[in-house]
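Values below: every heavy atom of this structure, side chains too, minus hydrogens, waters and symmetry copies.
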Amino acid sequence: MISRIDLRDAALPEGAALRDLLPRAEFDVEAALETVRPICEAVRHHGAAAVIEYGEKFDGVRVPALRVPAEALARALAELDPAVRAALEESVRRARKVHRDQRRTTHTTQVVPGGTVTEKWIPVDRVGLYVPGGRAVYPSSVVMNVVPAQEAGVEGLAVASPPQKEFGGLPHPTILAACALLGVDEVYAAGGAQAVAMFAYGTESAADEPGCAPVDLVTGPGNIYVAAAKRLLKGRIGIDAEAGPTEIAVLADATADAAHVAADLISQAEHDPMAAAVLVTDSADLAEAVEAELKSQVAVSRHVEERIAPALAGKQSAIVLVTDLEDGLKVVDAYGAEHLEIQTADAAALADRVRNAGAIFVGPWAPVSLGDYCAGSNHVLPTGGCACHSSGLSVQSFLRGVHIVDYTRDALADVAHHVVTLAEAEDLPAHGAAIKARFGWKVPESK
C-alpha cells in the first residue's frame, strides 16, 4: 500500500543528494506550458468567447455568461446548510484574527538629520482569486484567498471557479455561498488556464454582461494547467506560487499514535491521486503499526480507488526510516513539505528547529485538517519543496512595499561626494552629474 525507504545506519548526504533520495510527485509544469499557451492566446484575442468555449470543452458545460448573477450568489447563501454556514463563519472569524495581525504599518527611518526613508505598504489594486473545482469542493479556499486580500485592503476582488454541469454551468453553490458570505460579488464561472488568462488579459463588456477587468495579481491553488498558465503569464500578472500536488510529511517517534498518523496520511491522500503522504520516523515499530492502520482505515474510507489508494501507492508517498530524530529533522528540512506534522515526545522543541515547511503542526492535537479549515492559519502553501524559499499566502502577498526618499539640501550635500564617487566607479558619469547639477556643478565637501 505504501513503500519504505530505509535511511538508517548510514550517513545522510547533504542538500540535493538527500532530496533525491526522498519521494516526490512528478509535476512537469514546463511540459504543460505548450498545452496552455494556445488557450491563453485564444483568450487574449477572443476574450469571453474563448473562455466559454474552453469551459465547454474541459468542464462539459456551456455557460450562458461568465459572470455569476447576483441572485445566484444570494440564493446560494440563503440555501446553504446552516451547519455549513456556521462552520464557514467560524473559519472566517479565526482567519481574520490571524491575518489582521499580519498587516504591516508605515515606518519612517531617519538616516541622517534631514534625510529619511519611509517604507509605505500599499495594497494591490485588483486581484483574481482562483478556487479549484473538479474532484472536490473548496469553499475553504474562498476563505483562505479572500480574507488576507480583504485584510490587506485590496479594493478589487474577483473570484473564478470552474462551471459545474450539475448546477447549470454555475460554480458549486457552496463556493458561491462562501463568496456571498464574504461580500464578494464579482464571481466568474471559469476554470483552468482559461480563467488565469481571463484575469491576465480581461474580457470586453457585452450588451448584456460586463467584462472582466484585468487584474494585477492571481492567487490560489489549481491543477498543473493552472500552474502552467501562471508561469506563462507571470510578468503580465503577479502570482502567489505554482502550486503542485498537496503534501503531508509527519515526523514521528515511538510515542506517536499510529491511528492518528495513518488518519492524517489518508486525509491528504484523499485530495488527489498525485497527493504525497510521507512518514519520517526512527521507530520501526511505529512504521509497522502505521502500515497496519493504513490498511484498516483505507478499507472503510471513501474515494479509495480513484484517489487514496493510488496516492499512497505512488512514488510520491513512503515511510522513511531514520536512525534518530536528528536525522529525521535533516530529512524533513530537505523535503520541505507543504504541511509538516511533528508527533514526537518533545514536539514543540523539534518544531522550533525546522527550517523548511509551508506550515508546521505541533503535537497530536494539531492535525493538518485543523489548518485546512479552522486553525486561523492559511492553507494556500508552497509545494514541491518550494518551502525552502517561499511562504504561504498571507496579507503580505497582497501588499507592496514602497520606499519614499526625502532629503534636504544639506542632507544631500553631506553625502554628494560619495554618490559621485560611486557613479564614476561604475562608469555612469551622468549619475554623478545629476548630483553636481544641484550644486552648481561643484561637489560639496563633506562636513
Side-chain angles (χ1 to χ4, degrees), residues 13-33 36 102 127-132 138 140-141 144-145 148 193 196 217-235 237-251 268-269 271-278 280 311 314-318 320 328-342 351 353-361 368 371-372 377-399:
E14 300 288 335
L18 178 53
R19 289 195 295 273
D20 289 343
L21 296 177
L22 303 178
R24 186 76 74 186
E26 292 182 355
F27 193 71
D28 192 349
V29 176
E30 194 67 27
L33 283 176
V36 304
Q102 296 173 355
V127 300
L129 310 175
Y130 187 80
V131 178
Y138 295 104
S140 58
S141 286
M144 298 298 171
N145 277 273
V196 180
L217 173 70
V218 173
T219 71
N223 62 21
I224 191 169
Y225 302 108
V226 171
K230 282 183 171 182
R231 178 180 294 186
L232 181 66
L233 297 170
K234 184 180 179 181
I237 52 171
I239 64 171
D240 55 342
E242 297 174 8
T246 191
E247 307 159 344
I248 182 174
V250 181
L251 177 61
Q268 289 305 112
H271 276 286
D272 187 278
M274 293 179 66
V278 177
V280 180
K315 63 180 294 184
Q316 71 272 19
S317 298
V320 181
L329 275 173
K330 293 177 183 177
V331 168
V332 296
D333 265 338
Y335 185 72
E338 178 188 17
H339 310 95
L340 173 63
E341 290 185 358
I342 309 289
R353 295 174 59 194
V354 173
R355 294 185 58 82
N356 300 330
I360 304 170
F361 299 83
V368 168
D372 283 342
S377 57
N378 203 292
H379 78 202
V380 182
L381 300 167
T383 61
C386 293
C388 67
H389 57 71
S390 298
S391 305
L393 201 66
S394 70
V395 168
Q396 180 58 27
S397 305
F398 300 93
L399 296 173

Which donor-acceptor pairs under 3.5 Å do side chains of residues 381-393 form with protein atoms, sequence neighbours excluded?
unit_1: Thr383; atom_1: OG1; unit_2: Gly244; atom_2: N; d: 2.7

| request: List the atom of Ala311, the atom of Ala275, and the distance in Å for their closest heavy-atom pair. | output: CB-O, 3.6 Å
| task | Spell out, as yes or no, whether a donor-acceptor pair under 3.5 Å connects the side chain of Asp240 to the backbone of Gly220. | result | yes
| message | Would you compute the distance between atom CG of Leu233 and atom NZ of Lys230 and round it to the nearest 0.5 angstrom? | response | 11.5 Å
| note | salt bridge (Lys or Arg N to Asp or Glu O under 4.0 Å) filter on Glu341, not counting sequence neighbours, yields none
| Ignoring hydrogens and geometry, is there a side-chain-to-backbone donor-acceptor pair from Arg24 to Tyr335 under 3.5 Å? | yes
| remark: Heavy atoms of Ala276 and Gln316 approach each other most closely as CB-O, 3.4 Å
| task | Report the residues that fulfil side chain to side chain donor-acceptor pair (under 3.5 Å) with Glu30, sequence neighbours left out, ordered by chain and then residue number. | result | Arg231
| Met274 CE to Glu247 CD distance, which is reported to the nearest 0.5 Å | 10.5 Å
| message | Which heavy atom of Ala357 sits nearest to which heavy atom of Leu340, and what is that distance? | response | CB-CB, 4.0 Å
| remark: Residues at least two apart in sequence or cross-chain that pass side chain to side chain donor-acceptor pair (under 3.5 Å) with Glu26, listed by chain then number, are Lys315
| message | Determine whether Leu232 and Val36 satisfy the following criterion, side chain to side chain contact (heavy atoms under 4.5 Å, CB included), listing intermediate values before the conclusion. | response | CA-CA 8 Å; Leu232 181 66; Val36 304; 4.2 Å; yes
| field | Qualifying residues under side chain to side chain donor-acceptor pair (under 3.5 Å), relative to Ser141, sequence neighbours excluded | value | His379
| request: Please round to the nearest 0.5 Å and tell me the distance separating atom CD of Gln268 and atom OG1 of Thr246. | output: 4.0 Å
| task | Let me see the working for Val354 and Ile342 under side chain to side chain contact (heavy atoms under 4.5 Å, CB included), right down to the final yes or no. | result | CA-CA 10 Å; Val354 173; Ile342 309 289; 4.3 Å; yes
| Rounded to the nearest 0.5 Å, what separation is found between the CD1 atom of Ile224 and the CG atom of Asp28? | 6.5 Å
| note | By side chain to side chain donor-acceptor pair (under 3.5 Å), Tyr138 pairs with (sequence neighbours left out) His271
| query | What's the spacing between Ser397 OG and Ile239 CD1 if we round to 0.5 Å? | reply | 11.5 Å
| request: Measure the spacing between CG of Leu18 and NZ of Lys330 and express it to the nearest 0.5 Å. | output: 9.0 Å
| Residue list, side chain to side chain contact (heavy atoms under 4.5 Å, CB included) with Ser317, at least two apart or on another chain | Ile2, Ala277
| message | Once side chain to side chain contact (heavy atoms under 4.5 Å, CB included) is applied, do any residues pair with Ser377, and if so which ones, sequence neighbours excluded? | response | Ala375
| request: Begin from the C-alpha positions of Ile237 and Val196 and carry the test side chain to side chain contact (heavy atoms under 4.5 Å, CB included) through to its verdict. | output: CA-CA 9 Å; Ile237 52 171; Val196 180; 4.1 Å; yes
| query | Mind checking what makes salt bridge (Lys or Arg N to Asp or Glu O under 4.0 Å) contact with Asp372, not counting sequence neighbours? | reply | none
| remark: So the side-chain hydrogen bond (donor to acceptor under 3.5 Å, both in side chains) pairs with at least one residue in residues 217-227 (sequence neighbours excluded) are Asn145-Thr219
| task | Quick one: list whatever passes side chain to side chain contact (heavy atoms under 4.5 Å, CB included) with Ala243, sequence neighbours left out. | result | Pro221
| field | Donor-acceptor contact present, side-chain Asn378 to main-chain Met144, <3.5 Å | value | yes
| Minimal non-hydrogen separation, Val280 against Gly328, with atom names | CG1-CA, 3.9 Å
| remark: Between Val278 and Pro23 the two heavy atoms that sit nearest each other are CG2-CG, 3.8 Å
